[in-house]
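Proteins come first, then strands; the chains are lettered A, B, ... in the order of their sequence lines, and each starts at number 1.
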Protein chains: 2
Amino acid sequence: MSVSELSSAAQDYLKMIWSATEWSATPITVGAMAERMGVKPSTVSDGIRRLAKQGLVTHAPYGSIELTRTGNDHAVEMVRRHRLLETFLVKVLGYGWDEVHDEAEILEHAVSATMITRIDELLGHPVRDPHGDPIPSPDGQLRPPQGVRLAAVDPDRPLTITRISDADPDMLRYFTELGLAPDTRLTVLAHRPYADVTTIRLPDRDLDIDLGPSAAESIWVIAS
Amino acid sequence: MSVSELSSAAQDYLKMIWSATEWSATPITVGAMAERMGVKPSTVSDGIRRLAKQGLVTHAPYGSIELTRTGNDHAVEMVRRHRLLETFLVKVLGYGWDEVHDEAEILEHAVSATMITRIDELLGHPVRDPHGDPIPSPDGQLRPPQGVRLAAVDPDRPLTITRISDADPDMLRYFTELGLAPDTRLTVLAHRPYADVTTIRLPDRDLDIDLGPSAAESIWVIAS
DNA sequence: CAATTTTGTTAGGCCAGTCTAACATTCATG
DNA sequence: CATGAATGTTAGACTGGCCTAACAAAATTG
């Protein structure tokens, strides 16, 4: 069975379960899924039961939610679609990197495998999307991205942004205003734990910025 | 209310009702709609009732089906989406003109108004799609295409194909094999009514072809 | 023009996906 | 470690979109 034959809701559930473990080991909860999808927990609970019946996840009541092999394959395929579409929207249709998430979220359920292949070719087989997230290959391989969370790096080292989480569009627009994007260079001046603030410097723009904890968790960097 | 807020099925119904009167004055029937959409007549009958309840069509039981002003606007918007997407798939993603119909049929329900605008700009505001069908402007205007059905033209005049109906993908593939496409030049040698055959000549390829009635009804030409 | 055939509608059922409300389980903390 | 809070599940209802079966209307035709 191809991923295209799954309902849109099923595709969303699988992708979300997979995504939950991409950047941290904490497993997803029903409540978190419901909140992120904008539905009630009872809906998700029900949906997970249907997914389990189709052999895409394993789940006992009140137990953890795990993707089966098949479920994982479908999830990765959806992630590939999403990230290729985001890249396509930016590179070909001139979208801003902060504008593509919602559009890709809908298109990923509608495009054919053929179209994904053509987009991949047109873009020259990109390996990272506009937020710096790795794009899985057609056979589901994906290279884990380099980098650590900005919140976790030592001060005074030259850094380059490798990834910015696309979870919160408003935050992305804020980052865009500040000039923070993948490949932006910066230095952490200091973490101030009790103020919950990380101060960074953008040497190219000669600008210092204070970031709150959610921002500092959303930005991933590598030494440059 | 925007066309995007309609269900996929509602969008399909409206587009089909509109399309039925684009090339001929015969109004659409419930049975014809059911067949073209691959559902049972009872489903369409029901769907039409829902559309009427939303004020998108007028319909009395056993009566004719007419689009309201709003319904017509939405239908034209869907046609615009469909034709722009077909053009985009051919021009940007390298699809064959005979391959785009089904992909566009799905995408038209998923793309945002923003994306349609960007595609339109990228393509330089095209006025005809790959089959020669006119693309409505953003405000719903569309210039009726020139041309008459091949079945209706006099023999021995130099003609150019302006439009090929995209209703039947198999026929399109057959036309592609024969080298018949929009802008192909040809001459009708003869209509042979009792054999139900129209013989045409392609001067550029020095080739004579016999076409059946459905083919001769699907190809529109203009004097060249 | 009456009978038959064709076409369209209604009734009733099913499924997925959503909801609210009630209930069950697990977790956290005093 | 017991209890209350947080989290998850189930039950029951609703909607849209589909179905089949039964019925109604319209069109065709002998």
Side-chain angles (χ1 to χ4, degrees), chain A residues 1-17 20 25-67 71 74-75 78 105-106 108-110, chain B residues 1-17 20 25-67 71 74-75 78 105-106 108-110:
Chain A
M1 177 195 48
S2 147
V3 67
S4 301
E5 292 159 47
L6 267 39
S7 73
S8 194
Q11 291 173 344
D12 278 339
Y13 286 131
L14 294 178
K15 184 160 67 91
M16 186 166 295
I17 296 166
T26 2
I28 190 84
T29 66
V30 168
M33 288 181 67
E35 189 183 344
R36 281 213 249 164
M37 300 185 51
V39 302
K40 300 293 167 187
S42 57
T43 303
V44 172
S45 194
D46 226 61
I48 296 294
R49 202 177 33 69
R50 277 196 301 272
L51 247 36
K53 204 163 54 180
Q54 295 173 75
L56 299 170
V57 304
T58 57
H59 176 61
Y62 303 101
S64 67
I65 300 164
E66 310 271 358
L67 294 170
H74 290 337
M78 291 312 296
E105 200 72 25
I106 295 177
E108 67 193 15
H109 303 302
Chain B
M1 177 195 46
S2 145
V3 67
S4 301
E5 292 160 49
L6 266 39
S7 73
S8 195
Q11 290 174 346
D12 278 340
Y13 287 130
L14 294 178
K15 184 160 67 88
M16 186 166 296
I17 296 166
T26 3
I28 190 85
T29 66
V30 168
M33 287 181 69
E35 189 183 342
R36 280 214 251 165
M37 299 185 55
V39 301
K40 299 293 165 187
S42 57
T43 303
V44 172
S45 194
D46 226 61
I48 296 294
R49 202 178 32 70
R50 276 196 302 272
L51 247 37
K53 202 163 59 181
Q54 294 173 77
L56 299 170
V57 304
T58 56
H59 176 61
Y62 302 100
S64 65
I65 300 164
E66 310 271 357
L67 293 170
H74 289 338
M78 291 311 296
E105 199 72 25
I106 295 176
E108 66 191 15
H109 304 301

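- Protein atom CZ of R50(A) is 14 Å distant from nucleotide atom C1' of dC14(C), rounded to whole Å.
- Look at CZ on R49(B): it is 14 Å from P on dC18(D), rounded to the nearest Å.
- If you take CZ on R49(B) and CD on Q54(B), they are separated by 11.0 Å, rounding to the nearest 0.5 Å.
- Distances shorter than 4.0 Å separate none of the side-chain N or O atoms of T43(B) from OP1 or OP2 on dC18(D).
- Rounded to a whole Å, the CE atom of M33(B) is 16 Å from the P atom of dT7(C).
- For S42(A) against dT20(C), a side-chain N or O and a base N or O form a donor-acceptor pair under 3.5 Å.
- Each of dT9(C), dG17(D), dC18(D) was ranked by its minimum atom distance to the side chain of S7(B); first place goes to dG17(D).
- Taking atom CD of residue E5(A) and atom P of nucleotide dA16(C), one finds them 15 Å apart after rounding to whole Å.
- Spacing between atom CD1 of I48(A) and atom P of dG8(D) amounts to 11 Å, rounded to whole angstrom units.
- Each of dT9(C), dA24(C), dC18(D) was ranked by its minimum atom distance to the side chain of Y62(A); first place goes to dA24(C).
- One interatomic measurement links the two molecules: CD of E35(B) to P of dG8(C), which rounds to 12 Å at whole-angstrom precision.
- Across M33(A) and I65(A), no two heavy atoms sit closer than the pair SD-CD1, 4.4 Å.
- Between V44(B) and Y13(B), the shortest heavy-atom distance links the atoms CA-OH, 3.8 Å.
- The OH atom of Y13(B) sits 7 Å away from the P atom of dG17(D) (whole-angstrom rounding).
- Between L56(A) and L6(A), the closest side-chain pair of non-hydrogen atoms falls below 4.5 Å.
- Side-chain contact between R36(B) and I28(B) is present, with at least one heavy-atom pair separated by less than 4.5 Å.
- Residues E108(A) and D12(A) meet the side-chain proximity criterion, which asks for heavy atoms closer than 4.5 Å.
- Using a 4.0 Å cut-off, no side-chain N or O of S45(A) falls inside it from OP1 or OP2 of dT10(D).
- The stretch residues 25-32 of chain A touches DNA chain D through T29(A), V30(A), G31(A), each having a heavy atom within less than 4.0 Å of the strand.
- Between A9(A) and D46(B), the residue whose closest nucleotide on DNA chain C is further toward the 5' end is D46(B).
- Rounded to whole Å, atom C1' of dG12(D) lies 18 Å from atom NZ of K40(A).
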- [ ] Quick one: do M78(B) and H109(B) satisfy side chain to side chain contact (heavy atoms under 4.5 Å, CB included)? Show the steps, please.
- [x] CA-CA 8 Å; M78(B) 291 311 296; H109(B) 304 301; 3.8 Å; yes
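- Each of G38(A) and H59(B) has a nearest nucleotide on DNA chain C; the 5'-most of these lies closest to H59(B).
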